[in-house]
Structures are given as C-alpha cells and as structure tokens.
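Read through the structure below, which is laid out as structure tokens, and then see the notes.
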Amino acid sequence: MLKTYLKELRERALKAKNKPALLGPDIDLEPYMRTIRDVQVEDLDDLPDEIKENILYSGITPSEEERAGTYFQINHSVVYEKLKETYKGKLEIMSIQEALEKYDWLENYYGRLVSPDTDKYTAWAEILPTGGYFIRVFANQKVEYPVQSCLYIKEGNISQNVHNIIIVEENAEVFVTTGCLTHLKNQPGIHIGISEFFVKKGGKLYFTMIHNWSEEFHVRPRTVVLVEEGGLFINNYISLKPVKSIQSYPTIYVKENAIARLYSIIYGRKDSYIDLGGRIVFEGENSKGEIVSRIIADDSSQVYSRSELIGKAKGSKGFLDCRGIILNKNAKIVAIPILDAQHPESELSHEAAIGPINEEEIEYLTTRGFDKDEAMSTITRGFLNLEIPGLPKVAKEQISNTVAQLEKAGL
C-alpha cells in the first residue's frame, strides 16, 4: 500500500521536475544532482574539530548537554542518531527513510501537506531524496529538553534534498532546533528542505531553525504545518550570514482555538537575495496567529518580506509586524503584507516600518563613550534580539548566543 502510494508521488514529481517556482530566481538543478556518502560516527565528539566549531553558529551542541536527542546528517548521509534513555517511550528520532520502512501508516502524513508537484524543488526532493529526519512525540508526553537536528553540507556543487516530518501527538510538547549550514564559504550548491509538521489536538511544537549558509548557496525550504484544535506552533527562523538566495513561504493551517506564531530575524549581507515570508490560514473558530519579522539589509542585499493572513473562521485574529533597518544605499527591503478576511468576524491587522538607523540613537551612544561603529553594532544587536512571547528559556539563550558568536567572529 505504502509502496504504491510512494510510486504515485514519484510519478507526479517526474512531471514537475522542470516546473519553476512562483517566487525567487530559477535554478538549473540537474548539475547538482549527484550523491555523496559519509561514514557514521559513534559520538558527536568524533566529528572533526572544524565541524564541531562550525555547528555552534547554528545552535547545535556537540556535547548534547540538555538535549533529549540528536539527528545529524552530512551531505546525503545520516552520520549520527541518538535518543537519550530517559526519553525512550516519550519520543522517537530516526531518518525519514527508516521511518518509511518501519511505518506503513506514514502514508497518511508523507506528502500530504507538501505536494511533490508543487514546483521543481519539491519534485527533485522526491525524485532524488537524500535524507531528512522523522521526529514523533507520543501523546501526553512533555519533552523537557530540546531535540536537535543538524543538516550539514561539506561539499560544493551538490544538492541536499531532505524531507522532514514532525508529529506531535495529542497534548504532547516538544522544542526542536535545526541547524542548517555549509562547510565551505565560496562553493555553490543548493539545499531543498521539504518539511511537514503535524501538531495534534492540544499539542505544542516550538521550532527554531538557524541558517548558516555560504555566499554562493541557494536555499529552497518548502514547509506546511497543520495545527489541530487547541494546538500551538511557534516557529523561529534566523539567518544572519550572506547567502546567494533563499526563497521560503511556509503555510500554517490552524484549527479551532489553535495558535500559530512565526518569528524571523534576518540580516541581509553582500549580494544576498532573500525572499521570505509566511502564511497563516485561520480555519477554525477563535484561532489566532501572528507573523513578526526583524530585518537588516546591508551592502547590496535584497530582502523581501511576504506575510499573509487568511481569516476563514469566526473569531479568528491575526497580526503582522514587519520592521526593517537599511544600512546601505544599495540595499533594499520590500515588505508585502496581505490581509484576506473571508469571514465577517475575522480580525486581521498589520504594522510595517522600514528605514535607516535613527541618528539620535547613534548620537546618544557616542556621547557615552561609544565610537560610531560600536554604537551601530549595539543598536543592531538590540534590534535583532527580538523578544518572543512564550519562547522557552533555552531557545532565548540559543538565539542570543548565536547572535553573539556570529558578531564575535565577524561573520
């Protein structure tokens, strides 16, 4: 049954392998479609020092302290998986391929939210899959420590095509952090990430993704989330380094009394082309959500912030908040808010503000001993340290530490 279903998905993908995406620059993918295998390690401490140091910038802890479990992939191979003993019976972590071999019922989840014929990126992820994780939290289980996953690329001129599934069962709760990064600074390549998240009735999923790509890399996430009655989904997306291009527009469907919050912290640098956004579809009564963005554009970067709220149900409430700072006359920020109220008792609103750093703030700090560069750095750091309501303490510390590490390294 599952094999037949997967065959059907592949046939649909083959028909769409040249279908351009609606947004973002088009990319010829076939030159990147080669397979590289890596050797598994017994412990994260066995990884090369340069990799262990690099992953810190994406919020991954090699020591695994205060982590419930770890999934680590390099290029196209799962090199490490671990679930701590105390969490066995509460959750499971494995590769998506292993999950498909283990569970026939994954037919009800795999490919149900993100169709393989959406565009060429979803198509190639199905035609030539190269990994991805499966995380499942059992009903009524609260996982105190985060699960961490790392999708690492250490070779140039490849495509990493991952398919990730997270299932948070009824009244369960988990925090997941994913670090996505490249090893080499100036090698081209592409990361395609298909993510399908299912938050069941009363479940809670806190998801943080920290991107740390190279200057010549293209990134194409394709994410859809279903939040059932009374569920909560909080998504934090952080990208602070130069990247060739990113194009992402996750869609969240929220049911009755469910909540979705999307937060993004973006620093556009060099000639980065970043087209990010999010869509929340309020399908259930009294559902709520917000999309909040903090953007800095420097050098000749272009950042597009697309946010959409669709109110389909009575009592649904949504809010958009986009704020940007432009540091260079050659940089650009474009905010594109869309409010679509399809029910007379849906309440949607937005705020947006884009401009340079306030000169009065710089003058204030310089009168107190800062030089101009230090003043701008302080203002920038404060702007990026977005306060996110309801975010677990460990996530706040992780975001702050990542910002500090990148700043210290001059990245």
Side-chain angles (χ1 to χ4, degrees), residues 58-59 67-68 91 113 135-137 141-149 164-180 193 195-211 221 223-239 248-266 276-284 286-294 305 307-309 316-323 384-403:
S58 291
R67 296 294 186 266
L91 76 151
L113 296 180
I135 299 170
R136 177 188 175 200
V137 189
Q141 298 297 329
K142 181 177 180 179
V143 182
E144 296 84 358
Y145 289 127
V147 174
Q148 64 178 5
S149 67
N164 308 309
I165 290 181
I166 299 177
I167 301 173
V168 180
E169 296 184 349
E170 288 192 5
N171 300 311
E173 181 176 341
V174 69
F175 172 72
V176 177
T177 176
T178 294
C180 298
S195 296
E196 300 179 294
F197 299 164
F198 301 84
V199 182
K200 301 292 188 177
K201 183 178 180 180
K204 297 179 180 179
L205 172 58
Y206 302 88
F207 185 82
T208 295
M209 178 175 287
I210 301 177
H211 277 190
T223 302
V224 180
V225 183
L226 176 62
V227 188
E228 295 185 2
E229 179 183 349
L232 171 67
F233 174 67
I234 294 181
N235 182 84
N236 310 303
Y237 180 86
I238 302 165
S239 179
S248 176
Y249 200 64
T251 296
I252 321 300
Y253 295 97
V254 286
K255 303 296 184 179
E256 183 178 353
N257 295 311
I259 298 172
R261 296 172 179 158
L262 309 182
Y263 301 97
S264 59
I265 301 173
I266 309 299
L276 286 170
R279 176 194 293 118
I280 301 178
V281 184
F282 302 98
E283 294 189 327
N286 302 313
S287 53
K288 296 177 175 62
E290 63 181 2
I291 302 175
V292 180
S293 303
R294 294 292 180 267
S305 177
S307 303
E308 183 176 4
L309 302 176
S316 57
K317 294 182 179 180
F319 176 64
L320 303 178
D321 179 8
C322 177
R323 301 180 191 276
L384 292 176
N385 273 309
L386 173 64
E387 280 296 319
I388 301 173
L391 188 66
K393 180 181 176 182
V394 65
K396 293 181 180 180
E397 292 174 349
Q398 178 179 293
I399 293 171
S400 297
N401 290 340
T402 300
V403 172

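Note that these values count all heavy atoms, side chains included, but never hydrogens, waters or copies made by symmetry. Positions are given from 1, in the same order as the sequence printed here.
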Carefully, step by step, assess Leu262 and Tyr237 under the rule side chain to side chain contact (heavy atoms under 4.5 Å, CB included). CA-CA 8 Å; Leu262 309 182; Tyr237 180 86; over 6 Å; no
Please report the closest heavy-atom contact between Ile252 and Ala260, naming both atoms and the distance. CG2-CB, 3.7 Å
For Lys288, does the NZ atom sit with more than 12 other heavy atoms under 6.0 Å from it, leaving out its own atoms? yes
What I'd like to find out is whether the side chain of Arg261 reaches to under 4.5 Å of the side chain of Phe233, using heavy atoms alone. no
Do the ring centers of Phe197 and Phe207 come within less than 6.0 Å of each other? yes
Contacts of Glu283 meeting side-chain hydrogen bond (donor to acceptor under 3.5 Å, both in side chains) (sequence neighbours excluded), chain-then-number -> Lys255
Side chain to side chain contact (heavy atoms under 4.5 Å, CB included) evaluation trace for Leu113 with Val225: CA-CA 7 Å; Leu113 296 180; Val225 183; 5.8 Å; no
Where do Ile259 and Val254 come nearest, in terms of heavy atoms and distance? C-CG1, 4.2 Å
Can you find a pair of side-chain heavy atoms, one from Leu226 and one from Val199, that are under 4.5 Å apart? no
Between the CD atom in Gln141 and the CD atom in Glu170, the distance rounded to the nearest 0.5 Å is 13.5 Å
In this structure, NZ of Lys142 is separated from CD of Glu173 (nearest 0.5 Å) by 4.5 Å
Taking every heavy atom of Phe282 against every heavy atom of Gly289, the minimum-distance pair comes out as CE2-N, 3.3 Å
Give, for atom OG of Ser264 and atom CD1 of Ile238, the distance between the pair rounded to the nearest 0.5 Å. 9.5 Å
Working to the nearest 0.5 angstrom, can you tell me the gap between Ile167 CD1 and Leu205 CG? 11.5 Å
Heavy-atom closest pair, residues Ser307 and Ile291: OG-CG2, 3.6 Å
Provide the closest heavy-atom pair for Glu308 versus Leu320 in the form atom of the first, atom of the second, distance. N-CD2, 4.5 Å
Using side chain to side chain contact (heavy atoms under 4.5 Å, CB included), reason through Lys317 and Asn286 one step at a time and then give a plain yes or no. CA-CA 7 Å; Lys317 294 182 179 180; Asn286 302 313; over 6 Å; no
Glu229 CD to Ser287 OG distance, which is reported to the nearest 0.5 Å: 11.5 Å
A side-chain contact here means heavy atoms from C-beta on lying under 4.5 Å apart; do Tyr263 and Glu290 qualify? yes
Tell me, please, which residues at least two apart from Ala68 pass side chain to side chain contact (heavy atoms under 4.5 Å, CB included). Tyr87, Val143, Tyr145, Val147
For residues Met209 and His211, report the shortest heavy-atom separation together with the two atoms involved. SD-NE2, 3.0 Å
Taking side-chain hydrogen bond (donor to acceptor under 3.5 Å, both in side chains) as the definition, give me every residue that meets it alongside Ser316, ordered by chain and number, with sequence neighbours left out. Ser346
Partner of Tyr206 under side chain to side chain contact (heavy atoms under 4.5 Å, CB included), picked from Thr177, Asn235, Val168, Leu232, is Leu232
Check step by step if side chain to side chain contact (heavy atoms under 4.5 Å, CB included) holds for Thr178 and Ile210. CA-CA 6 Å; Thr178 294; Ile210 301 177; over 6 Å; no
Value rounded to 0.5 Å, distance of CG in Asn236 from CD1 in Ile265: 7.5 Å
